[in-house]
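For reference, positions follow the sequence shown, starting with 1. Source: prediction; values computed, not measured. Every number for a ligand or one of its atoms is a count from 1 in the order of the listing.
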Amino acid sequence: MAKAPQKAPSKSKAPVKRAPKKTPAKAASRLPVLKTPIYKASKAELMEFYEQMLLIRRFEEKAGQLYGLGLIGGFCHLYIGQEAVVTGLQSAIEPGKDSVITGYRDHGHMLACGIDPNVVMAELTGRASGISKGKGGSMHMFSVEHGFYGGHGIVGAQVSLGTGLAFGHKYKDDGGVCLAYFGDGASNQGQVYESFNMAELWKLPVIFVIENNQYAMGTSVNRSSSEDQLYRRGESFRIPGMQVDGMDVLAVRGAVEEALKYVRGGKGPILMELKTYRYRGHSMSDPAKYRSRDEVQDVREKSDPIERLKAMLIKQGVKEEDLKALDKKVRKTVMEAADFAEESPEPEAAELYTDVLVGQY
Ligand SMILES: Cc1ncc(C[n+]2csc(CCOP(=O)(O)OP(=O)(O)O)c2C)c(N)n1
Ligand SMILES: [Mg+2]
């Protein structure tokens with residue numbers, strides 16, 4: 001049978017264009033805007049925050065001295081200036097339920113997890129009594145018991161690992177949330193965005209915490225970031241962001257409470273950008289030629305998180321002598337940690353071959 005002749009396409013009429021198939025939008029609504037209230041702390045809580053921040057500061061000052069004396073080898077990244085971030089955030093999480101992971105600037109995170117300063121200092125000085133038996137050093141410390149999962153030297157790696165920890169919380173349905181800390185420099189790493197995508201897609205219980213201390217080694221955030229408002233970095237993954245004054249422990253605590261409510265409610269991840277500042281060089285071997293002394297001094301004078309809280313406490317009637325006594329107590333704890341470390345032996349040579357592989361899974 002002869003085929004019906006096909007109609008030649010009419011030249012006068014443009015072929016009918018089909019509208020491209022649309023992927024249904026996930027939701028027409030905008031991203032939720034989370035509140036960032038200032039936490040209303042009791043006097044006792046204010047004193048706790050003060051003591052915690054002071055412990056981190058004095059510990060880090062001591063670590064700096066021990067490094068100068070040659071007692072700490074390798075890398076050592078101090079956290080001085082950023083104390084309000086971990087203090088505020090970790091005061092709100094539940095020990096034994098939540099998890100924490102960070103990069104190499106990790107001493108403060110460990111102390112805020114309640115880890116004994118003795119075993120941290122012993123690790124920094126490479127002693128057998130250190131938390132990683134003296135074989136990890138400043139950047140490689142863990143305490144599963146305290147929910148602290150390192151201590152990572154690869155910039156940005158902890159974000160993917162933290163997303164994995166959050167997956168673990170969801171899978172085990174243990175109600176836990178992971179705080180995955182990283183820097184402004186790390187926020188330009190590719191794996192961070194792969195993690196964001198999966199975390200939101202699977203609604204994982206993770207708070208991505210950007211500690212924006214303004215510099216990644218010698219590069220300022222404005223020089224390296226096309227979008228320097230880092231709290232917006234999750235928007236294209238539909239992750240809401242919060243920008244918080246990371247030099248104010250009460251602002252940090254207030255914001256994280258809102259973030260925790262959201263994440264624990266099963267709504268997925270949150271991105272928190274904490275605007276902060278590091279007073280010391282990137283690591284102990286950084287001559288810090290990329291910024292002026294005046295810049296550092298200005299932040300110290302105007303925004304120091306410890307001085308800020310001290311002024312608040314004095315205004316509330318706490319006596320200067322009481323704060324001095326607290327400082328004395330903290331200095332004693334730190335001195336004892338340094339003594340403990342110095343008195344501990346170095347690991348045996350045979351320990352070189354242990355803890356390399358996990359024996360049992
Ligand atoms: C994948 C990778 N690239 C580069 C480095 C070298 N490096 C170590 S720290 C650092 C800067 C990171 O800065 P930031 O994320 O802002 O953290 P901060 O040191 O300010 O806490 C770089 C580039 C590294 N360790 N890992
Ligand atoms: Mg930085």
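Here K324 does not pair with E320 in a salt bridge; the nearest charged N to carboxylate O distance is not below 4.0 Å. D304 has a carboxylate O that lies under 4.0 Å from a charged side-chain N of R57, or vice versa, which qualifies the two as a salt bridge.
Panel detail: the Mg ion (ligand 2) has protein N, O or S atoms under 2.8 Å away, 3 in number.
Per-residue contacts place Y215 under 4.0 angstrom from the following atoms of ligand 1 (heavy atoms of the residue considered): 16 (O), 20 (O). Residue G183 has at least one heavy-atom neighbour below 4.0 Å for each of these atoms of ligand 1: 14 (P), 15 (O), 16 (O), 17 (O). Proximity to N213 (heavy-atom distance under 4.0 Å) selects the following atoms of ligand 1: 18 (P), 20 (O), 21 (O).
What sits closest to atom 21 (O) of ligand 1 on the protein, heavy atoms only, is R105 NE, 2.9 Å. Scanning all protein heavy atoms for the shortest distance to atom 25 (N) of ligand 1 gives G153 O, 2.9 Å. Scanning the protein heavy atoms around atom 16 (O) of ligand 1, the nearest turns out to be G185 N, 2.8 Å.
E60 and Y279 are not linked by any side-chain donor-acceptor pair at a separation below 3.5 angstrom, with hydrogens and angles left out of the test. Looking only at atom types and distance, the side chain of Y277 has no donor-acceptor partner in the side chain of R300 under 3.5 Å away. Side-chain N/O atoms of T333 and E336 include no donor and acceptor closer than 3.5 Å. Judged purely by distance below 3.5 Å, without hydrogens or angles, the side chains of S160 and Q191 pair a donor atom with an acceptor atom.
Ligand 1 has at least one atom lying under 4.0 Å from a heavy atom of Y104. Not a single heavy atom of E211 lies less than 4.0 angstrom from ligand 1.
Taking each of M217, Q189, Q82 in turn, the one with a heavy atom nearest to atom 23 (C) of ligand 1 proves to be M217. Residue A186 holds the heavy atom nearest to atom 15 (O) of ligand 1 of all those in G218, S187, A186.
Counting heavy atoms under 4.0 Å from ligand 1, residue V155 touches it through both backbone and side chain. When non-hydrogen atoms are compared, ligand 1 lies under 4.0 Å from the side chain of H282 (C-beta onward) but not from its backbone.
Applying the side-chain hydrogen bond (donor to acceptor under 3.5 Å, both in side chains) test to pairs two or more places apart or on separate chains, those with a residue in residues 138-155 are H107-S138, S143-H146.
V356 places none of its side-chain heavy atoms less than 4.5 Å from the side chain of K135.
Of the possible donor and acceptor atoms, one in the side chain of R233 sits under 3.5 Å from a partner among the backbone N and O of E227.
Ring planes of Y104 and H77: tilted class, angle from 30 to 60°.
Scanning all heavy atoms of the two residues, the minimum distance from V85 to V252 falls at O-CG1, 3.6 Å.
Geometric assessment of R291 against the ring of Y215 yields a positive cation-pi assignment under the 6.0 Å and 45° thresholds.
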